[in-house]
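To keep things clear, I will list the structure first and then write my remarks on it.
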Amino acid sequence: MTQTPADDPTRDLIRYCPQFAPFLVHRARGSFIYDEADRAILDFTSGQMCAILGHNHPAMLDAMRKAMDRSIHLFSGMLSPPVVELAAALRDLLPPPLGRSLFVSTGAESNEAALRLAKLYTGQFEVVGFLTSWHGLTTGAAAVTYSAGRRGYGPSVPGSMALPPPSCYHCPIAHCSTACDMTCLEVGFDSLDRQSVGSFAAIIAEPILSAGGVVELPPGYLARLRDKARERGMLLILDEAQTGMGRTGDTFAFEHDGVVPDILTLSKTLGAGLPLAATITTDAIEQRCHERGYLFYTSHVSDPLPAQVGLAVLEVVTRDRLAARARERGAQLRAGLAALQERHECIGDVRGRGLLLGLELVSDRRSRTPANRLGAQVTARCLELGLHLNVVQLPGSASVFRIAPPLTVTPDQIDAALEILDRALGECVAANDWRE
Ligand SMILES: Cc1ncc(COP(=O)(O)O)c(C=O)c1O
C-alpha cells in the first residue's frame with residue numbers, strides 16, 4: 001500500500017485524473033486565478049473551458065444572490081420563472097426549428113438526454129461519434145467518447161460506432177496533408193454501413209473537436225454529414241459544450257457552417273462556470289418523444305439557481321457582443337501564435353477559430369511526430385511563469401495546447417500570455433531534454 005504523507009492535500013481524495021495542479025487555488029477573478037501566496041496566474045483554459053465571462057463575473061454573482069432570495073432547488077416536476085424564461089430566451093436566440101429545451105447540470109447529462117431523445121424518436125439504437133470525440137463520461141456519452149477513457153471499464157453500449165475525424169494534419173486514412181477533401185467521410189460511412197445492423201439512430205459531433213486536438217470541421221463537411229444522416233434516417237446531434245455562447249466568434253459554432261442540428265447540446269459555456277447544461281430540439285421531435293413517454297429525470301433538472309445564472313450569461317454574451325470580441329481577440333491571439341511558429345521549429349500547426357485555438361508541438365515538422373515530453377515541460381514552465389495552459393495528448397498522434405481564455409480577456413493579457421509561452425518554449429527547447 002502506498003502511504004500518503006499527512007501534509008499531502010490530496011490524501012483524502014480519489015485521484016480522478018493523472019495529476020493535480022501543484023498548488024491550491026485560493027481565489028479567482030476575471031482572467032486570473034490566485035494561489036495560496038496570492039500569485040496571479042493567467043487562466044487560458046477558462047477553468048475547465050467554461051468561464052467565458054472570466055471568473056466570478058458580477059452579473060453571475062447578482063444572479064446567484066437573486067436565486068438565493070427566491071429558490072435554489074425544487075421538486076423535479078416543478079418549474080420556476082428563470083427556467084421558463086431561459087427556455088424562451090434560447091428559442092429567441094436559436095434558428096427555427098430549434099426551440100424546446102431541457103435543463104440539466106453537466107455536458108455528459110445533456111448528451112445522455114439527447115441520445116435518449118434520438119433513440120425514442122427514431123426507434124433505433126445505433127449511434128456514431130468521431131474517433132477523437134469527447135462527450136462526457138456517463139455511460140451513454142462515454143460510449144461515443146473515443147478520445148480517452150475507454151480501456152478497463154468493461155463492455156460499451158451496443159450500437160456505438162466511430163467515424164474518422166477530418167483532421168488533415170493527421171489524416172486518419174493517410175490521404176490528405178494540407179486540406180481535407182472529405183474522402184475520410186466517404187470511407188467512414190462505407191465502413192459504418194457495412195457494420196450497421198440496420199438501426200441507425202444518431203450522429204453526435206462537436207463542430208470543433210476540442211479534446212481531439214482542436215480540429216475544425218472543414219467547410220462543407222457538416223452539411224455533408226447532415227445529408228448522410230438524413231439519408232439513413234438518423235438525427236444529427238451537435239455538442240456545443242465548448243463552442244457555444246460566442247467562443248468561436250459566432251454565438252453557436254454551427255452558424256458558421258449554416259447547418260441546424262436536430263438536437264443541440266450546450267453545457268460548459270452556458271453556465272460559464274455554474275453547472276448548467278441544455279438539450280434543445282425541435283417541437284416535432286419533442287412532440288413525438290413526449291407521446292412515447294420520454295423520461296429524463298434528475299435531481300437537478302430545471303433547478304432555478306443555475307437557470308438564473310444562465311439568463312445572466314446570455315444577457316452578458318449578447319450585451320457585450322462577446323462573439324465579436326472572441327473574433328477580435330482571437331485574431332490577435334492567432335497572429336501572435338503564428339509569429340511564435342515562425343520562431344520556434346517545434347510548433348507544427350496553429351489552428352482553430354475565435355478564442356478556441358490549438359497549437360500543436362512536433363519533434364519534426366515533416367513527419368509531424370508529436371512532442372509529448374516537450375508539451376508537458378512547456379505546460380509546467382508556463383505555470384511557473386504565471387500562465388495556465390492545457391495540453392491534450394492523443395496517444396501516438398498529437399500534442400496540442402488548447403488555448404481558450406475567457407471571452408473578456410484583454411489585449412494586454414493576450415500579449416502577456418504570448419510572452420510567457422515564447423519564453424517557456426525557448427527555455428524548454430534550449431534545455432534539450434525533451435526528445436522522446
Ligand atoms: C464537447 C464536450 N462535450 C461534453 C463534455 C462533457 O461535459 P461534462 O464534463 O460537463 O460532463 C465535454 C467535457 O469536456 C466536452 O468537451
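Every number for a ligand or one of its atoms is a count from 1 in the order of the listing.
- Between F296 and Y294, the ring planes are parallel. Angles under 30° get that label, and only those over 60° would be called perpendicular.
- When atom types are taken as modelled, the side chain of R334 and the backbone of G354 share no donor-acceptor pair closer than 3.5 angstrom.
- Counting only N and O atoms by type, the side chains of T183 and H175 include a donor and acceptor under 3.5 Å apart.
- Ligand 1 is surrounded by T106, G107, A108, N111, W134, H135, G136, E206, D239, A241, Q242, K268, each with at least one heavy atom closer than 4.0 Å.
- Looking only at atom types and distance, the side chain of T10 has a donor-acceptor partner in the side chain of D8 under 3.5 Å away.
- Cation-pi geometry between R368 and Y169 is satisfied (NZ or CZ under 6.0 Å from the ring centre, within 45° of the ring normal).
- Looking at S196 and R232, their side chains never bring a donor and an acceptor atom within 3.5 Å of each other.
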